[in-house]
K.L.:
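Provided herewith is a single structure, encoded as structure tokens, for subsequent inquiry.
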2 protein chains.
Amino acid sequence: MFASNNILNKTLLAASIIFATSLHAAEQVDLMITDATVLTMNSEKAIHENGTVVIKGNKIIAVGDAKLAQQYQANIVMDVDGDIVMPGLINTHTHASMTVFRSLADDVPGRLHRYIFPLEKKLVSRDMVRIGANLGNLEMVKGGVTTYSDMYYFEDEVAKTVDKIGMRAILGETVIKFPVADAQNAQEGIQYALKFIEEYKDHPRITPAFAPHAPYTNTTEVLQQITKLAKEHNVPVLIHLAESDRENEKIAARADGKSPVEYMDSIGSLDERLVAAHMINVSESDIELVKKAGTGVAHNMSANIKSAKGVSPALKMYDEDIRIGLGTDGPMSGNTLSTIDEFNQVAKVHKLVNQDRGAMPPVKVIDMATMGAARALHMEDKIGSLEVGKLADVIVIDTKAPNMVPMYNPYSVLVYSANSGNVRHSIVAGKVIMQDRNMLTVNEKNIIEEAIEFTKKVRQTVIENGEKVI
Amino acid sequence: MFASNNILNKTLLAASIIFATSLHAAEQVDLMITDATVLTMNSEKAIHENGTVVIKGNKIIAVGDAKLAQQYQANIVMDVDGDIVMPGLINTHTHASMTVFRSLADDVPGRLHRYIFPLEKKLVSRDMVRIGANLGNLEMVKGGVTTYSDMYYFEDEVAKTVDKIGMRAILGETVIKFPVADAQNAQEGIQYALKFIEEYKDHPRITPAFAPHAPYTNTTEVLQQITKLAKEHNVPVLIHLAESDRENEKIAARADGKSPVEYMDSIGSLDERLVAAHMINVSESDIELVKKAGTGVAHNMSANIKSAKGVSPALKMYDEDIRIGLGTDGPMSGNTLSTIDEFNQVAKVHKLVNQDRGAMPPVKVIDMATMGAARALHMEDKIGSLEVGKLADVIVIDTKAPNMVPMYNPYSVLVYSANSGNVRHSIVAGKVIMQDRNMLTVNEKNIIEEAIEFTKKVRQTVIENGEKVI
């Protein structure tokens, strides 16, 4: 009666919360979650107290109240005793492999040119990308993230780690005009991306993508070429957009005073396949252009304020029905990869900047972490809510931890009180990948040890580069 | 060779990280922490890699490097394998018992008058205060808080919970001109406080205090009376000060246009026993007055921005050597009681409002959570740093969790990455009260169940009061 996966079975058999059912005359399913506070995050934001979520294969086949459970016979039943069951979190923007550099030289003036670029020049390799992505993936799963959108180098290595841990991801191979670890110029980057796209185009959980770094680090011709190729191959395009004053100046100089968003629109590259990260310096007319184009937006508030870049008008974009979701940015910027640890900040900082305690209520934050993020990644038909026919990406959040009690309003509890330590279980495509915070698909200890071992190389390289480890 | 406490012994015997030493010709001590990344938070901010902390009775008797361990024979040795060992966190301002109302009607307009006051009128009792404090204490210990400063009613009930769990606290009995649950007016409040002070004045971990609610909710005469009584009894005075525009208007009307700080100074109540919570609306001259008086300041940033009240000039106060430390405010305001979950926000929001990514670096945040907070509470001779002669209030933070790896800079890791789930052990006055997140002094499950049971009363009362549970 149990699922065939061996690792899973061993753990499940040992867990008292999970047991086989023996109802008759009921439809046979794979996994059923019962006695849950189900936040569907559907368009009505329906909540089922004492709710049920039914999973068959990699899909959700029913969501409802307690009675629903009687109609099914499940291989695995998870009675979660009132805990929150919700769509897996979606991190719309990161650079997961950079975890290996995290906590180094934070707040040091000129860090990018003194630390990060010189380190990347010497250390970015298939090994580094794999080690960093493994660590980032682990952190994300433990923080309730089931899908993420990544921009970096050697994304085929990232893909292997995502495949192994069992997450879902959009992986964008970087295209940039400077020589980087896996390409000497933009054309080589495009070729790398094309090969990666060919290799992963049919993977059930991995969506390969182009990631032109930014408008100012690519030529107009390259940006247009990518737009065209992305259309041909039907893949997303990930980019940093409207992130800094300096970017505005550079693009204005290139394009008759246009803003970065106006420029992208004018060259035909602002479209429904694009996911634009940051969007801090945007005008009302920029927002209109983004809305009309159907472009997705990654809102990385916590990272943006760490660098004192300012707060994106994300609430305005959300209220205007722009495709916008939460992202963390890379671990050198944020510094965490778990959006749940940012909910509190997102709600409160938008209240502060709007001078309105009613602004950015918890339900909007959770929407931006789930359905909004799915829309930002153009995946809203597949993930982002617990609805019949969607892929079964589901997380369970402990509601009996001291910081989570009481729970008069589950959105408030999630946004103002929860942290990544409260995530109990994670299910992706119907498969349990974390149970009671234990990883079922990867060896956590090995991943941590390998990452710590790699820090020796980083420390040595920092010193060789004439800087201090601070 | 083990400590005499039975509960402790059972757990310690089972834990592989803790074992008895058998060195000879060495001084006998109670507890020794080895192989630690020791953040002393002394005036030099000394860090000992592979460090040692030695505890005898309730005090720290030595802090240093690995070799130090050879000089002692300890009943208990905790080898923490490189984890961060630092002073217990000090929460300078909260209302712990209000946890029972947490997550109710957040962001609802008029919440104070529609929800909180009517609920408090019907539900504040010895039972409610005990249940709420038990939950709040539990959350704090699990979040690394070893000392807190509380303002509420029936503080003798809070004292019993603090005594039981083994924390340290300053407990301020509220004095306010309106009828409240444990006093009909300010004079009854003062009498209640005096009795409480008498009862707890000699407790080793509990400091009883007066807590006049705010200047505008007490008369000048009452404030002066409390200042005088506090001096006679040598106890602290806790107050809300300079929290809102409305307070400024009220005090200006009462006192010839004076600011709340100027007013307190003019009546002789701004002194070295006072701890002023919030201090949002303060001028340069207010800051000068506070500095001259030696008054402590509780900086509750996360709570203050949730209500869109603004950001206190806490960085300026810190840089001007004011006695200032982090607080959470009550769980209806914050909504967490663990300052570690606010570090990230404190650093980043001060960068944002100062438009400077170098502002409020991690080491200042950690200082404000430890020594700064000790100074704010006028306890810097006893707690706040790991130094010889200080009370042994020590926490151990996991550095091998995915979000904590790598650790090039422990302050950065703590501030930008850590959450309360990363706190492993807690020691107060030399006694281990939490080990590997298991409580050794209280029954966590019972506390949670009792709190959840009490929510039924809260829900019912909300409905009786003609409001909805939202």
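Worth saying up front: this structure is predicted, and the values here are computed from it rather than measured. The chains referred to below are lettered A, B, ... by the order of the sequence lines, with proteins before strands, and numbering in each begins at 1.
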K.L.:
By a 4.5 Å heavy-atom criterion (distance strictly below it), what part of B:F101 contacts chain A: side chain, backbone, both, or neither?
P.N.:
backbone

K.L.:
In terms of heavy-atom pairs under 4.5 Å with chain B, which of A:A347, A:S417, A:G358, A:G310 leads?
P.N.:
A:S417

K.L.:
Quick check on the interface: out of B:G421, B:S412, B:P362, B:P406, who has the most heavy-atom pairs with chain A under 4.5 Å?
P.N.:
B:P406

K.L.:
When rounded to the nearest 0.5 angstrom, what is the spacing between CZ in B:R102 and OH in A:Y416?
P.N.:
13.5 Å

K.L.:
Any side-chain heavy atom of A:M439 sitting closer than 4.5 Å to one from A:V141?
P.N.:
yes

K.L.:
Is the number of heavy atoms from other residues, nucleotides or ligands within 6.0 Å of NZ (B:K400) greater than 12?
P.N.:
yes

K.L.:
Can you say whether B:N403 sits under 4.5 Å from chain A via the side chain, the backbone, both, or neither, judging by heavy atoms?
P.N.:
both

K.L.:
With side chains defined as the heavy atoms from C-beta onward, is the minimum distance between B:T339 and B:Y148 less than 4.5 Å?
P.N.:
no

K.L.:
Tell me, for B:K142 versus chain A, whether the close heavy atoms (under 4.5 Å) come from the side chain, the backbone, both or neither.
P.N.:
side chain

K.L.:
Check whether any side-chain heavy atom of B:H278 sits under 4.5 Å from a side-chain heavy atom of B:S312, and report yes or no.
P.N.:
no

K.L.:
Can you say whether B:V415 sits under 4.5 Å from chain A via the side chain, the backbone, both, or neither, judging by heavy atoms?
P.N.:
neither

K.L.:
Verify whether one side chain among A:D341 and A:S338 offers a donor that lies under 3.5 Å from an acceptor in the other.
P.N.:
yes

K.L.:
Side chain, backbone, both or neither: which part of B:R111 has an atom under 4.5 Å from a heavy atom of chain A?
P.N.:
side chain

K.L.:
For each of B:I447, B:N422, B:L138, B:V405, tally heavy-atom pairs with chain A at distances under 4.5 Å, and name the one with the top tally.
P.N.:
B:V405

K.L.:
If we define contacts as heavy-atom pairs under 4.5 Å, which of B:V469, B:V462, B:V311, B:L135 has the most with chain A?
P.N.:
B:L135

K.L.:
Which atoms of A:A401 come close to chain B, meaning under 4.5 Å heavy atom to heavy atom: side chain ones, backbone ones, both, or neither?
P.N.:
backbone

K.L.:
Among B:I305, B:T336, B:N409, single out the residue with the greatest number of heavy-atom pairs under 4.5 Å to chain A.
P.N.:
B:I305

K.L.:
Within the 4.5 Å heavy-atom criterion, are A:I131 and A:V100 side-chain neighbours or not?
P.N.:
yes

K.L.:
Looking only at heavy atoms and a cut-off of under 4.5 Å, which of B:L337, B:V353, B:N304, B:N344 has the most pairs with chain A?
P.N.:
B:N344

K.L.:
Is it the case that B:K309 and B:S244 place a side-chain donor and acceptor less than 3.5 Å from each other?
P.N.:
no

K.L.:
Ignoring hydrogens and geometry beyond distance, is a side-chain donor-acceptor pair present between B:D356 and B:H350 at under 3.5 Å?
P.N.:
no

K.L.:
I'd like to know if the side chain of A:T399 pairs up with that of A:D83 as donor and acceptor (distance under 3.5 Å, no hydrogens or angles considered).
P.N.:
yes

K.L.:
Report which part of B:S420 has an atom under 4.5 Å of a heavy atom belonging to chain A: side chain, backbone, both, or neither.
P.N.:
both

K.L.:
Who among A:P109, A:P361, A:S302, A:G143 has the most heavy-atom pairs with chain B under 4.5 Å?
P.N.:
A:S302

K.L.:
Between A:Q345, A:K348, A:E139, which shows the greatest number of heavy-atom pairs under 4.5 Å with chain B?
P.N.:
A:K348

K.L.:
With chain A, which of B:M360, B:M407, B:E342, B:Q355 has the greatest number of heavy-atom pairs at distances under 4.5 Å?
P.N.:
B:M407

K.L.:
Heavy-atom distances under 4.5 Å only: say whether B:A105 touches chain A with side chain, backbone, both or neither.
P.N.:
neither

K.L.:
Side chain, backbone, both or neither: which part of B:E449 has a heavy atom under 4.5 Å from chain A?
P.N.:
neither

K.L.:
Looking just at side-chain N and O atoms, do A:T328 and A:N91 make a donor-acceptor pair shorter than 3.5 Å?
P.N.:
yes

